[in-house]
Number of protein chains: 2
Amino acid sequence: MFPAEATLAPLDAMAVAGLREHVHRALRQALLSGSFAPGARLNERAIAEQLGVSTTPVKEALRLLEADGLVRTKPRSGVIVNFDFAWAEEMILARAAIESTIARLAAQRIAPEDKPVLAQILTDMAQATAESSADDLVRLNEAFHGHIRSVARANYLRLLNDRQDVYDSGARRVIHSDPAERQRGLEEHTAIGRAVIAQDADSAEAAMKAHVLRAGESYLDLVFRKNKD
Amino acid sequence: MFPAEATLAPLDAMAVAGLREHVHRALRQALLSGSFAPGARLNERAIAEQLGVSTTPVKEALRLLEADGLVRTKPRSGVIVNFDFAWAEEMILARAAIESTIARLAAQRIAPEDKPVLAQILTDMAQATAESSADDLVRLNEAFHGHIRSVARANYLRLLNDRQDVYDSGARRVIHSDPAERQRGLEEHTAIGRAVIAQDADSAEAAMKAHVLRAGESYLDLVFRKNKD
DNA sequence: TTGTGAAATTTGATATATCACATCTCAGAT
DNA sequence: ATCTGAGATGTGATATATCAAATTTCACAA
């Protein structure tokens with residue numbers, strides 16, 4: 001009646017990540033979506049009270065943000081928001097540099113059995129570009145980039161990349177709703193995927209760099225131009 | 001007798017950086033020089049006691065290290081050393097990617113008055129390579145890379161770069177004592193400097209990437225092969 | 001009115017106490 | 001002998017108290 005060994009899915013590690021991560025995410029999201037003006041000061045006690053926690057996890061989260069580069073600490077004075085257009089622009093340059101290095105590794109290291117998986121994702125993306133919702137496309141997008149990172153077996157680079165996620169989730173949806181953008185994205189993803197499958201490291205690196213830079217431009221345009229209204 | 005407005009140099013911000021930074025540096029140095037085995041666990045209380053501080057700055061420093069990627073936190077269990085050969089290798093790839101992006105920006109943005117400064121540093125390096133101590137060469141080396149970063153006016157990228165400093169100061173001296181290495185370094189630096197002065201962005205980027213990758217290899221060879229004895 | 005500086009206040013930095021989860025130990029059952 | 005799990009112990013996570021530097025306020029003098 002029951003299987004001898006019921007396999008319970010281990011609960012998501014992030015679910016028990018603790019307050020520190022929670023605070024970190026909350027602040028990060030707020031910063032990237034522009035809720036704090038550049039140069040504004042963050043108050044440890046105020047944040048702690050607002051989130052209903054003590055200052056200890058807040059301090060730790062601020063250190064994480066500091067290392068993310070989104071915030072700067074003026075010793076014995078305060079924590080200052082360090083995110084604006086120029087900063088976002090540089091983050092995208094960095095992302096392009098890192099992610100293209102990952103793509104190169106992926107092309108060099110991809111295992112034969114991973115090739116059909118990547119090809120399948122590309123097929124799905126082509127279909128989804130034509131008919132599916134922005135949400136589906138965002139999901140596939142992440143599956144694609146995730147698979148590239150995965151076959152590259154790059155741990156440190158991957159960490160860096162996560163840390164450089166400049167994209168506000170709201171804006172991401174908006175972008176993936178624009179038909180022209182969807183089309184361009186598909187073409188670029190296809191080029192990257194084919195290069196990786198063909199194990200053409202130079203092409204994979206170049207295609208990824210071009211993609212991240214161009215997509216980044218679109219994003220900056222959307223988020224920062226909109227704010228100027 | 002006195003100038004109307006005596007401009008006192010603000011004392012080095014880092015001198016008063018506080019315990020957090022102090023702990024961070026101490027641990028970072030220890031990790032990079034291999035004092036902790038990969039996978040070893042770091043004990044907050046033990047570190048705090050050893051350094052004569054409370055656990056609060058230690059916790060904050062560990063968060064910084066965590067973001068540096070040198071350490072990983074297993075929730076509610078402990079902090080684990082996350083630095084080994086493969087990790088260092090990837091840090092060098094990342095460094096090459098970031099620093100070459102900086103070199104590109106430098107070539108694009110260098111101001112006319114900065115060109116002679118850079119040229120002068122190259123001249124000094126040529127001379128020091130032939131006649132000076134490793135310490136002098138290390139200093140010039142830093143002046144060179146620092147000047148490139150400075151003319152690139154890249155803030156975020158610069159931050160990333162600082163975070164990726166894998167080089168143990170001891171090993172750096174050893175490397176700059178080897179004649180062959182000194183010669184290669186000079187040639188590469190010259191190529192980079194000339195490309196930046198000529199505002200040839202593609203060459204500057206390529207030359208910097210090649211330099212960082214090659215120098216990184218030398219470093220890995222020295223530090224990790226030596227440990228295998 | 002304007003500039004000065006001392007006092008009040010804010011706020012980050014640090015230390016300490018407490019809690020809860022993870023890991024280890026070992027007696028007792030099989 | 002091996003496995004199980006309850007209790008003991010270790011350790012990070014969190015909360016709170018205290019301190020000292022930075023900032024702001026404001027009365028007062030020029």
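Every chain is numbered from 1, with letters handed out A, B, ... down the list of sequences. Given the structure is predicted, the values throughout are model-derived calculations rather than measurements.
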Extract from the structure each pairing of a protein N or O with an N or O of nucleotides 5-9 of chain C at less than 3.5 Å, listing the distance.
none

Practice item. Classify the nucleic acid contact of A:Ile47 as base, sugar-phosphate or nothing, counting any heavy atom under 4.0 Å across all strands shown. Key: nothing
Practice item. May I ask you to check whether over 12 heavy atoms, not counting those of A:Gln50, lie within 6.0 Å of atom CD? Key: no
Revision key, fill the gap. The single option from B:Leu105, B:Val117, B:Ile102, B:Asp114 that satisfies side-chain contact (heavy atoms from CB on, under 4.5 Å) with B:Val151 is B:Asp114
Check your understanding: Do side-chain atoms of B:Arg163 reach the backbone of B:Gly69 as a donor and acceptor pair under 3.5 angstrom?
Key -> no
Check your understanding: Looking at residues at least two apart in the chain, or sitting in another chain, which of them share a salt bridge (Lys or Arg N to Asp or Glu O under 4.0 Å) with B:Arg72?
Key -> none
Practice item. Take atom CD1 of B:Ile80 and atom P of C:dA22, then tell me their distance rounded to the nearest Å. Key: 13 Å
Review point. Under 3.5 Å, is there a donor-acceptor pair between the side chain of B:Tyr219 and the main chain of B:Ile92?
Key: no
Point to revise | Whole-Å distance separating the CD atom of A:Glu21 from the C1' atom of D:dT14 | key: 16 Å
Review point. Which comes earlier along DNA chain D counting from the 5' end, the contact point of A:Ser54 or that of B:Asn43, where each point is its nearest nucleotide?
Key: B:Asn43
Point to revise | Identified side-chain contact (heavy atoms from CB on, under 4.5 Å) partner of B:His24 from the options B:Leu62, B:Asp68, B:Leu19 | key: B:Asp68
Review point. How about A:Arg63 and A:Thr73: does a side-chain donor come under 3.5 Å of a side-chain acceptor?
Key: yes
Under 3.5 Å donor-acceptor pairs involving side-chain atoms of residues 136-146 of chain B, not counting sequence neighbours:
from     : atom 1 : to       : atom 2 : distance (Å)
B:Asp136 : OD1    : B:Arg139 : NH2    : 3.0
B:Asn141 : ND2    : B:His176 : NE2    : 2.6
B:Glu142 : OE2    : B:Arg172 : NH1    : 2.9
B:His145 : ND1    : B:Glu99  : OE2    : 3.1
B:His145 : NE2    : B:His189 : NE2    : 3.3

Practice item. Using heavy atoms and a sub-4.0 Å distance, could you list which residues of residues 56-71 of chain B are near DNA chain C? By number, please. Key: B:Thr56, B:Pro57
Review point. If you measure from CZ on B:Arg109 to OG on B:Ser150, what distance do you get to the nearest 0.5 Å?
Key: 12.0 Å
**Study point:** Student check: side-chain heavy atoms of A:Val23 and A:Leu64 closer than 4.5 Å
**Key:** no
Check your understanding: Considering heavy-atom distances to DNA chain D, does A:Arg20 or A:Thr55 have its closest nucleotide positioned more toward the 5' end?
Key -> A:Arg20
Study note, to complete from the structure: Residues passing the ring pair (Phe, Tyr, Trp, His ring centres under 6.0 Å) test with B:Phe36, sequence neighbours excluded, are none
Review point. In whole angstrom, what separates A:Glu44's CD from D:dT16's P?
Key: 15 Å
Report, one pair per line, the protein and nucleotides 19-24 of chain D atoms (nitrogen or oxygen only) whose separation is under 3.5 Å.
from   : atom 1 : to      : atom 2 : distance (Å)
D:dA22 : O4'    : A:Arg76 : O      : 3.4
D:dT23 : OP1    : A:Lys74 : NZ     : 3.0
D:dT23 : OP1    : A:Ser77 : OG     : 3.1

Exercise for review: Grab the NE2-C1' distance between A:His24 and D:dA13 for me, whole Å please.
Suggested key: 17 Å
